[in-house]
Number of protein chains: 2
Amino acid sequence: MPIRQNILIAVDAVVFGYMNANLHVLLVKRKGSTFHKEWALVGGFVLDDEPLTTAVKRELKEETGVQLDYLEQLFTFGDTVDRDPRSRVISVAYFGLINSSKIVPIGDTDAMDAKWYPVNELPDLAFDHSEILNSALDRLRAKLTYQPIGFDLLPNEFLFSELEQLYVTLLGKDIDRRNFRKKIMSFGFLEETSLFKQKKSGRPAKLFRFNDLKYRELESKGIYFDL
Amino acid sequence: MPIRQNILIAVDAVVFGYMNANLHVLLVKRKGSTFHKEWALVGGFVLDDEPLTTAVKRELKEETGVQLDYLEQLFTFGDTVDRDPRSRVISVAYFGLINSSKIVPIGDTDAMDAKWYPVNELPDLAFDHSEILNSALDRLRAKLTYQPIGFDLLPNEFLFSELEQLYVTLLGKDIDRRNFRKKIMSFGFLEETSLFKQKKSGRPAKLFRFNDLKYRELESKGIYFDL
DNA sequence: TTACTTTTGTGTAAAATATACACATAATGC
DNA sequence: GCATTATGTGTATATTTTACACAAAAGTAA
């Protein structure tokens with residue numbers, strides 16, 4: 001029984017970056033005929049012989065040149081039969097993070113129609129991309145409390161105050177500096193470097209590093225991150 | 001730019017039922033040419049104009065007659081380009097639960113090639129269905145502790161000892177009866193009925209009911225289930 | 001060089017939550 | 001009525017979470 005289907009399969013990525021103490025999303029300006037010149041998530045159609053994650057990375061490279069530090073599958077959108085006006089498209093959405101020190105700010109120029117948008121100043125998006133983006137935001141916020149995923153948004157070495165600020169910004173609730181530090185340090189996957197960093201004024205602060213190996217070791221022992 | 005793709009899209013469902021104090025999965029014996037007569041998850045190809053969840057429910061009805069009490073999207077499998085020997089197939093996997101009182105035990109007969117298998121006595125499965133099943137098991141176990149999903153596996157009215165047994169079986173760790181009861185009751189979504197149920201011997205026990213409305217009310221107030 | 005501002009770094013007491021634990025009650029079967 | 005089986009319940013202890021304030025190290029401006 002040979003099957004004929006008239007459904008296309010695409011991938012879309014919600015890529016988050018953290019800069020200027022604010023969460024940003026990577027968007028591209030569409031060039032195709034549908035939703036021409038509207039902002040959209042990075043994505044495109046999957047090639048016949050291409051694994052899904054490869055497709056995501058390829059589109060990301062082609063459209064923006066960005067390389068991810070974290071990537072996970074989010075959800076497959078396709079219940080709304082006409083999300084794409086051309087024909088039925090099912091989109092496997094991914095959710096990615098990029099290390100703050102790797103972010104090269106890109107703007108909306110003729111050459112490169114890609115831009116980092118602060119999540120609180122988003123433009124209207126093509127297709128059902130707003131819905132996808134919101135799912136990704138929910139997922140990010142939820143994961144922050146039970147997976148040490150926030151470190152993928154920071155540079156390799158960071159201040160405790162930066163980590164704290166990130167949590168405050170993304171979760172929108174206050175943090176007690178002493179309790180937060182105690183809690184985070186108690187897990188044992190943060191290591192103190194011998195480096196210091198100074199702001200314009202104030203006491204210089206130690207830089208810390210997230211030790212991924214150590215984290216996985218703890219995880220395998222059944223010790224789980226939980227804020 | 002018209003796109004040509006040679007990828008098929010299917011849905012597969014891992015359906016769990018709880019009977020004889022054991023977790024079971026619904027499997028069907030394949031009739032098609034590939035993996036003929038092997039056991040597989042319920043599933044099939046998505047119709048062009050059909051939402052994904054509709055496809056799952058349709059296949060489930062067609063192949064087994066079973067109706068679900070809980071359904072959620074699990075994961076989309078498609079990175080392994082040749083999971084299906086015929087052509088590339090991307091499968092959106094779902095994870096479903098069925099209320100214990102609705103389970104009609106079905107066996108492997110000529111008429112109905114479907115069967116409830118205890119999860120600890122599973123046969124080899126077609127395609128990559130073992131992998132899918134394991135993901136679903138992981139998800140079920142994880143969710144049990146932060147969503148009151150276990151109630152969807154029990155009959156509408158159940159004994160506390162049955163709920164306790166379910167958690168013991170699925171999570172594989174001991175429970176202190178007194179503390180467990182205190183904890184569960186403290187959430188306030190379980191209601192005591194005036195009904196009793198007796199086993200062969202021993203003191204008769206009260207039947208309880210899960211109040212879904214109450215649960216959602218609590219959830220909306222920011223009170224979350226957590227064991 | 002002094003005093004003012006900014007940011008980091010740290011401990012302890014009180015409150016809330018989780019854990020450990022044992023015996024009386026209500027039924028059945030012999 | 002006695003043995004067996006399963007339900008139902010409270011309290012004390014340990015652990016975890018929360019609340020909270022002041023000294024240290026730098027820069028800046030008078």
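In the text below, chain A, chain B and the rest are named by the order of the sequence lines, each starting its count at 1. No experiment lies behind these values; they were computed from the predicted model shown.
Near DNA chain D, meaning a heavy atom under 4.0 Å away, the residues from residues 175-190 of chain A are D176(A), R178(A), N179(A), K182(A), K183(A). Contacts between residues 220-227 of chain B and DNA chain C, defined by a heavy-atom separation below 4.0 Å, involve no residue at all.
In this structure, K200(A) places its NZ atom 13 Å from P of dA29(D), rounding to the nearest Å. Atom CD of E164(B) is separated from atom P of dT7(D) by 8 Å (rounded to the nearest Å). Between K206(B) atom NZ and dT25(C) atom P the separation is 15 Å, expressed in whole Å. The CG-P distance, from L159(A) to dA25(D), rounds to 18 Å in whole Å. Distance, E162(A) CD to dT8(C) C1': 13 Å, rounded to whole Å. Note: CD (Q165(B)) to C1' (dA6(D)) measures 13 Å, nearest angstrom. At whole-Å resolution of the value, CG in D174(B) and C1' in dC21(C) are 14 Å apart. Taking atom CZ on R203(B) and atom C1' on dA27(C), their separation rounds to 9 Å, with Å as the unit.
Remark: aromatic rings of F158(A) and F151(A) are close, center separation under 6.0 Å. Ring centroids of F35(A) and F127(A) are separated by less than 6.0 Å, placing the two rings close together.
Under 4.0 angstrom from either OP1 or OP2 of dA26(C) there lies no side-chain N or O belonging to Q198(B). In this structure, S201(A) does not reach the dA26(D) phosphate: none of its side-chain N or O atoms is under 4.0 Å from OP1 or OP2.
Tested against F210(A) for a ring-ring contact (aromatic ring centres under 6.0 Å, His included), the candidates F189(A), F160(A), F225(A) yield a single pass: F189(A).
Within a 6.0 Å radius of CG in D174(A), other residues, nucleotides and ligands contribute 12 heavy atoms or fewer.
There is a side-chain donor-acceptor pair under 3.5 Å between Q165(B) and T169(B). Checking E217(A) against Y215(A) by side-chain atom types alone, no donor-acceptor pair falls below 3.5 Å.
Of all heavy-atom pairs spanning G44(B) and D12(B), the tightest one is N-OD1, 4.5 Å.
Ranked by how close their nearest DNA chain D nucleotide is to the 5' end, K199(A) and P204(B) are led by P204(B).
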Margin query: Under the criterion side-chain hydrogen bond (donor to acceptor under 3.5 Å, both in side chains), I'd like the reasoning laid out for E121(B) against Y117(B): C-alpha separation, chi angles, the key distance, then a yes or no.
Written below: CA-CA 7 Å; E121(B) 298 168 31; Y117(B) 269 94; over 6 Å; no
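A heavy-atom distance below 4.5 Å is found between the side chains of Y18(A) and L166(A).
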